[in-house]
Amino acid sequence: MSSQKTEAVTNRIFTIPNVISFIRLCMVPVYMVLLLNGYDLLATFMFALAAGTDWIDGQLARRTNCVSKLGQLLDPAVDRILMSCGVIGLMLVGRLPIWIVVVVLGRDLMLLVGGAYLLKRYHERVAVIYPGKVATTFLFVGFAGLLLNMPLIGGLGWFEAFWLPGFGSEACSWGIWFVYAGLLIGLFTTLYYVLAGYRKMQKARRLEAKGRVR
């Protein structure tokens with residue numbers, strides 16, 4: 001049985017990955033202003049740049065041994081903020097059904113509140129898994145496609161439903177299919193996070209009970 005390699009975590013604040021995460025955070029309001037003023041191409045570029053640097057700061061943190069406590073909180077927080085502003089912006093310009101906005105924001109809120117409770121009450125956290133990153137990547141790519149809004153492709157023509165673009169006959173952005181794929185993968189990863197958090201909570205409770213008995 002091989003031992004799992006653990007990453008050293010530092011208390012440093014001013015690391016290169018953390019600076020990149022902060023710059024990504026500053027890109028979010030710029031993206032919103034560009035989108036709401038009709039600059040689709042520039043908004044797409046800003047959103048894609050902010051989403052793409054998520055991979056860069058993560059790789060830098062691991063390869064340069066700069067994984068920090070702040071970075072472990074800041075990086076996923078910026079992802080959530082970018083995701084939230086992405087769906088809200090697309091809804092405001094009429095390119096994303098409101099149910100997708102509710103699902104994405106509701107999932108993020110649930111995981112955020114649950115993770116904060118688990119950390120505060122039991123000092124435990126559930127690590128992000130690779131399929132979760134894949135789901136986020138699919139959503140980001142899909143949002144970028146919807147932002148660009150070109151080229152438009154024909155729908156499947158299965159049934160007409162304004163809340164399910166792509167399944168009717170009306171042409172839509174190719175990005176919607178990446179959004180659907182990201183939502184589907186995100187459903188399974190959410191179930192994993194909930195179950196993993198529950199197990200960690202139960203384990204912490206058992207340890208607390210043993211401590212009281214002693």
query: Quick one: side-chain contact (heavy atoms from CB on, under 4.5 Å) partners of W163, sequence neighbours excluded?
result: W99, A161

field: Sequence-distant partners of S84, side-chain contact (heavy atoms from CB on, under 4.5 Å), two or more places apart
entry: L105, D108

- prompt: Ion pair present between E124 and R199, side-chain N to carboxylate O less than 4.0 angstrom?
  reply: no

message: Has T189 got a side-chain atom pairing as donor or acceptor with P131's backbone, closer than 3.5 angstrom?
response: no

task: Classify the ring geometry between Y180 and F167 as parallel (under 30°), tilted (30 to 60°) or perpendicular (over 60°).
output: tilted

query: Are side-chain heavy atoms of M91 and I98 found at a separation under 4.5 Å?
result: yes

- prompt: Only one of L148, L34, L35, L49 clears side-chain contact (heavy atoms from CB on, under 4.5 Å) with T44; which?
  reply: L148

message: Evaluate V28 against F47 for side chain to side chain contact (heavy atoms under 4.5 Å, CB included), listing each step before the verdict.
response: CA-CA 7 Å; V28 175; F47 185 86; over 6 Å; no

field: Spatial distance of atom OG1 (T190) from atom CG (L183) [nearest 0.5 Å]
entry: 9.5 Å

field: Residues M83, L139; criterion side chain to side chain contact (heavy atoms under 4.5 Å, CB included); working and verdict
entry: CA-CA 8 Å; M83 183 79 72; L139 287 173; 3.7 Å; yes

- request: Step through it carefully: locate the ring centre of F143, locate the ring centre of F178, and say whether they are under 6.0 Å apart.
  value: no

- prompt: Taking all atoms of both residues into account, what is the closest heavy-atom pair of Y31 and L90, and its distance?
  reply: OH-N, 4.4 Å

message: Taking atom CZ as the centre, does F45 end up with more than 12 heavy-atom neighbours from other residues, nucleotides or ligands that are less than 6.0 angstrom away?
response: no

query: Do side-chain atoms of Y122 reach the backbone of K203 as a donor and acceptor pair under 3.5 angstrom?
result: no

statement: Interatomic distance, SG@C172 vs CG@L146, rounded to 0.5 Å, equals 8.5 Å

task: Verify, without hydrogens or angle tests, whether R24 (side chain) and A50 (backbone) share a donor-acceptor contact under 3.5 angstrom.
output: yes

- request: Could you pull out all residues at least two apart from L25 that satisfy side-chain contact (heavy atoms from CB on, under 4.5 Å)?
  value: V78, I81

